[in-house]
Amino acid sequence: MKIHLVDTQATMNLGIVLGQTLTAGTVILLAGDLGAGKTTLVQGLGKGLGIIEPIVSPTFTLINEYTEGRIPLYHLDLYRLDPQEVVNLNLESYWEGIEVIPGIVAIEWSERMPYKPSSYINVLLTYGDEGSRQAEITPFNCTINEYIATI
């Protein structure tokens with residue numbers, strides 16, 4: 001499914017809808033060029049989950065955990081890592097709920113992952129005309145809430 005996002009607020013609103021409707025255990029793999037809106041989408045996810053704490057890109061910390069919302073949000077950024085370093089993070093502990101409360105796992109720069117979970121939602125954000133963006137949402141071995149499918 002492709003969604004035209006006219007501006008940053010539209011990207012934020014898509015994240016809000018996802019945060020309001022997705023369930024614990026959902027993994028969102030985010031891809032796209034620098035500045036395409038990956039962090040903005042995750043900020044919207046946080047708002048949709050009721051997270052009050054500011055959501056910032058974990059480029060240097062790698063993983064930010066937000067647990068005060070409807071369900072936890074685990075925000076990962078793999079921009080500075082190579083695939084072997086990603087393997088050492090044991091990311092599956094987040095989507096399998098091992099040692100953490102199950103929540104939504106949002107991974108920026110997911111193309112750096114040498115392996116993926118068995119089910120996930122792929123979100124590719126690309127630039128459009130005049131500052132717009134496009135989100136291409138593809139579920140793998142999972143379903144997307146009907147409401148999201150009508151966006």
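No experiment lies behind these values; they were computed from the predicted model shown. Numbering of residues begins at 1 and proceeds along the displayed sequence. Computed over heavy atoms, backbone and side chain alike; hydrogens, waters and symmetry mates excluded.
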Answer whether the closest heavy-atom distance between the side chains of [X] and [Y] falls below 4.5 Å.
X	Y	answer
Leu41	Leu30	yes
Arg80	Trp109	no
Leu22	Ile121	yes
Glu136	Val123	no
Leu89	Leu81	yes
Ile63	Tyr94	yes

With distance as the sole test, does [X] use its side chain to make a donor-acceptor pair with the main-chain N or O of [Y] at under 3.5 Å?
X	Y	value
Thr21	Val17	yes
Asn141	Ser118	yes
Asn64	Val56	yes
Asp33	Ala36	no
Gln43	Ile55	yes

Where do [X] and [Y] come nearest, in terms of heavy atoms and distance?
X	Y	value
Ser119	Val27	O-CB, 4.2 Å
Cys142	Tyr120	SG-O, 3.3 Å
Pro102	Pro72	O-CD, 3.4 Å
Leu91	Met113	CD1-CE, 4.2 Å
Ala106	Val42	CB-CG2, 3.9 Å
Leu5	Ala10	CD2-O, 3.6 Å

Determine, using the 4.5 Å side-chain heavy-atom cutoff (strictly less than), whether [X] and [Y] are members of one ILVMFWY cluster.
X	Y	value
Leu76	Phe140	yes
Met1	Ile16	no
Tyr127	Leu125	no
Tyr66	Met12	no

Atom [atom1] in [X], atom [atom2] in [Y]: separation rounded to 0.5 Å?
X	Y	atom1	atom2	value
Tyr79	Leu62	OH	CG	14.0 Å
Lys47	Leu49	NZ	CG	13.0 Å
Glu85	Arg112	CD	CZ	10.5 Å
Leu124	Glu111	CG	CD	8.5 Å
Ile3	Arg133	CD1	CZ	15.0 Å
Ile137	Ile28	CD1	CD1	8.5 Å

Just do the side-chain contact (heavy atoms from CB on, under 4.5 Å) check on Ile101 and Thr67 with the steps written out, would you? CA-CA 9 Å; Ile101 299 167; Thr67 57; 5.6 Å; no
Quick one, Thr26 with Val105, criterion side-chain contact (heavy atoms from CB on, under 4.5 Å). Give me CA distance, side-chain angles, the key distance, then yes/no. CA-CA 6 Å; Thr26 302; Val105 181; over 6 Å; no
Can you name the side chain to side chain donor-acceptor pair (under 3.5 Å) partners of Glu92, sequence neighbours left out? Tyr115
Does Glu108 have any side chain to side chain donor-acceptor pair (under 3.5 Å) partners at least two apart in sequence or in another chain, and if so, which? Thr39, His75
Checking side chain to side chain donor-acceptor pair (under 3.5 Å) for the pair Asp77/Ser57: CA distance, chi angles, key distance, verdict? CA-CA 7 Å; Asp77 187 327; Ser57 178; 2.9 Å; yes
Hey, is CD1 on Ile52 packed in by over 12 heavy atoms from elsewhere, all under 6.0 Å? no
Look at atom NZ of Lys116 and say whether more than 12 heavy atoms of other residues, nucleotides or ligands are closer to it than 6.0 Å. yes
Given the rule in the side-chain contact (heavy atoms from CB on, under 4.5 Å) test, do Ile104 and Ile71 qualify, once you have shown the distances and angles that lead to the verdict? CA-CA 7 Å; Ile104 294 175; Ile71 55 176; 3.7 Å; yes
